[in-house]
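Only one structure is covered here, and it is reproduced in the block below.
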Amino acid sequence: MGAVLTQNTSWSNVEKAIAKLRAEDALSADNIATVAKFKLAEWLRPVGYFNLKAQRLQNFCRWYLAAGGFKLLCVVETEALRRQLLTVNGIGFETADDILLYAFERPVFVIDAYTRRLFSRLGLIQGNESYKALRMLFEWSLPPDPALYGEYHALIVRHAKSPCASRPACEKCALRARCSAALGSE
DNA sequence: GTCCTGTCTG
DNA sequence: CAGACGGGAC
């Protein structure tokens with residue numbers, strides 16, 4: 001659910017919405033699938049796009065329940081599970097892979113806007129490659145370890161939030177000696 | 001390309 | 001107070 005709520009939204013806001021769902025005793029697929037949409041939207045207010053995300057969260061929870069829940073989904077092979085996730089309206093490439101990695105612990109490397117920005121500045125990618133091309137690049141370059149992928153992705157996010165922000169602070173960046181974007185600013 | 005559209009950061 | 005924010009659908 002966090003994967004849907006964090007679309008174009010910082011995680012600190014997602015935590016508020018999840019705390020609200022918990023306080024309303026609504027943090028379950030059954031409750032979210034059946035609650036009135038306007039109510040759910042009100043609880044999701046902190047994440048922005050709350051009407052849109054209320055619909056998407058219900059779409060996801062209804063799919064999840066129809067599929068038989070976590071234990072049944074756990075035996076589905078990764079590619080097939082990704083295809084199923086992508087049939088849900090509101091789940092795209094990144095959200096599907098977030099769920100595959102963090103909920104199902106599959107060795108799937110999540111690509112996001114931060115990954116594109118950081119690695120294109122480093123000079124390691126162009127930045128406009130397809131989602132799948134970038135995912136394959138990372139998965140070919142690293143051992144298929146879900147814990148490693150999760151930590152790596154989290155570190156990309158952290159780095160892209162502070163030194164490698166849209167307005168970068170290259171003088172404070174530990175990677176500046178290896179970064180093609182930083183060389184020009186020395 | 002446009003819409004969705006609240007909160008945090010600098 | 002402007003811009004950014006772990007996107008996706010149309």
Side-chain angles (χ1 to χ4, degrees), chain A residues 1-21 23-24 32 37-64 81-122 124-125 127-139 142 146-173 181 185:
Chain A
M1 293 203 274
V4 172
L5 297 182
T6 199
Q7 290 169 359
N8 210 32
T9 301
S10 62
W11 186 254
S12 61
N13 292 350
V14 175
E15 286 181 331
K16 290 179 189 172
I18 290 177
K20 180 64 177 172
L21 292 176
E24 297 288 343
I32 287 177
K37 194 165 66 180
F38 77 91
K39 233 186 214 182
L40 180 57
E42 198 53 43
W43 298 337
L44 297 184
R45 188 171 279 273
V47 299
Y49 311 101
F50 49 84
N51 288 311
L52 189 60
K53 287 180 180 174
Q55 182 65 63
R56 290 181 179 178
L57 209 50
Q58 289 197 316
N59 293 344
F60 171 65
C61 287
R62 286 166 187 163
W63 166 83
Y64 175 86
L81 191 50
R82 177 186 287 115
R83 276 200 302 278
Q84 287 193 45
L85 284 163
L86 289 172
T87 66
V88 180
N89 187 293
I91 294 186
F93 296 133
E94 183 182 337
T95 306
D97 284 352
D98 271 331
I99 294 169
L100 288 173
L101 175 61
Y102 290 106
F104 291 100
E105 298 180 12
R106 306 300 174 90
V108 169
F109 200 96
V110 176
I111 303 298
D112 60 8
Y114 290 149
T115 311
R116 291 178 189 274
R117 181 169 75 206
L118 173 56
F119 282 82
S120 61
R121 282 181 180 165
L122 287 170
L124 298 174
I125 64 172
N128 59 357
E129 293 90 341
S130 72
Y131 181 93
K132 189 173 181 181
L134 289 177
R135 177 166 63 77
M136 297 308 267
L137 173 66
F138 281 87
E139 292 180 3
L142 296 166
L148 172 68
Y149 288 6
E151 177 72 359
Y152 200 144
H153 183 248
L155 291 171
I156 289 172
V157 171
R158 173 171 296 193
H159 193 74
K161 273 181 183 293
S162 58
C164 202
S166 62
R167 208 195 133 125
C170 300
E171 69 284 357
K172 296 193 237 175
C173 180
S185 61

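In what follows, chains carry the letters A, B, and so on, assigned in the order in which the sequence lines appear, proteins first and then strands, with residues in each chain numbered from 1. Worth saying up front: this structure is predicted, and the values here are computed from it rather than measured.
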Between [atom2] on [N] and [atom1] on [X], what's the gap in Å once rounded to a whole number?
| X | N | atom1 | atom2 | answer |
| --- | --- | --- | --- | --- |
| A:Gln55 | C:dC10 | CD | C1' | 15 Å |
| A:Tyr131 | C:dG8 | OH | P | 8 Å |
| A:Arg167 | C:dA2 | CZ | C1' | 13 Å |
| A:Asp97 | C:dG8 | CG | C1' | 14 Å |
| A:Asn13 | C:dG7 | CG | C1' | 15 Å |
| A:Ile111 | C:dG8 | CD1 | C1' | 17 Å |
| A:Trp11 | C:dC5 | CH2 | C1' | 14 Å |
| A:Leu5 | B:dG6 | CG | C1' | 13 Å |

Rounding to the closest angstrom, what is the interatomic distance between C:dC10 and B:dT5 at atom P?
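So the two P atoms sit 15 Å from each other.
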Side-chain N or O of A:Thr9 closer than 4.0 Å to phosphate OP1/OP2 of B:dT7
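So the side-chain polar atoms of A:Thr9 never come under 4.0 Å of the phosphate oxygens OP1 or OP2 of B:dT7.
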For a quick test of your reading: what N or O donor-acceptor pairs under 3.5 Å do the side chains of residues 88-95 of chain A make, sequence neighbours left out?
unit_1, atom_1, unit_2, atom_2, d
A:Thr95, OG1, A:Gln7, NE2, 2.9

Shortest side-chain distance from [X], nucleotide among [options]:
| X | options | value |
| --- | --- | --- |
| A:Arg117 | C:dC5, B:dT7, C:dG8 | C:dC5 |
| A:Gln7 | C:dA4, C:dG7, C:dC10 | C:dG7 |
| A:Ser10 | C:dC10, C:dC5, C:dG8 | C:dC5 |

Reading DNA chain C from 5' onward, which residue's closest nucleotide shows up sooner: A:Phe93 or A:Ala160?
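Mapping each residue to its closest nucleotide by heavy atoms, the 5'-most match is A:Ala160.
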Pick the closest DNA chain C nucleotide for A:Asn89 and for A:Asp112 by heavy atoms, then say which residue is nearer the 5' end.
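By nearest-heavy-atom nucleotide position, the 5'-most residue is A:Asp112.
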Can you sort out the partners of A:Lys39 under side-chain hydrogen bond (donor to acceptor under 3.5 Å, both in side chains), two or more places apart, ordered by chain and number?
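In terms of side-chain hydrogen bond (donor to acceptor under 3.5 Å, both in side chains), with neighbours along the sequence ignored, A:Lys39 is linked to no residue.
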Base, sugar-phosphate alone, or nothing: which one does A:Ile91 contact when heavy atoms must sit under 4.0 Å apart?
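Sugar-phosphate, no base atom in range.
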Give A:Lys161 one of three labels, base, sugar-phosphate or nothing, depending on what nucleic acid heavy atoms sit under 4.0 Å from its own.
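Base contact - A:Lys161 has a heavy atom under 4.0 Å of at least one base atom.
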For nucleotides 2-4 of chain B, list the nitrogen or oxygen atoms of the protein found under 3.5 Å from its nitrogen or oxygen atoms, one pair per line.
none

Listed pairs under 3.5 Å, donor-acceptor, residues 159-167 of chain A side chains, sequence neighbours left out:
unit_1, atom_1, unit_2, atom_2, d
A:Ser162, OG, A:Arg158, O, 3.4

With sequence neighbours left out, what residues match A:Phe138 under ring pair (Phe, Tyr, Trp, His ring centres under 6.0 Å)?
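Expected list: A:Phe109, A:Phe119.
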Taking ring pair (Phe, Tyr, Trp, His ring centres under 6.0 Å) as the test, write out the residues that go with A:Trp63, two or more places apart.
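Partners of A:Trp63 by the ring pair (Phe, Tyr, Trp, His ring centres under 6.0 Å) criterion, ordered by chain and then number, come out as A:Phe60.
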Does A:Pro46 reach the side chain of A:Glu15, with side-chain heavy atoms less than 4.5 Å apart?
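Side-chain contact under 4.5 Å: no.
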Would a 4.5 Å heavy-atom cut-off, applied to side chains only, mark A:Arg116 and A:Tyr131 as touching?
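Touching, per the 4.5 Å side-chain cut-off.
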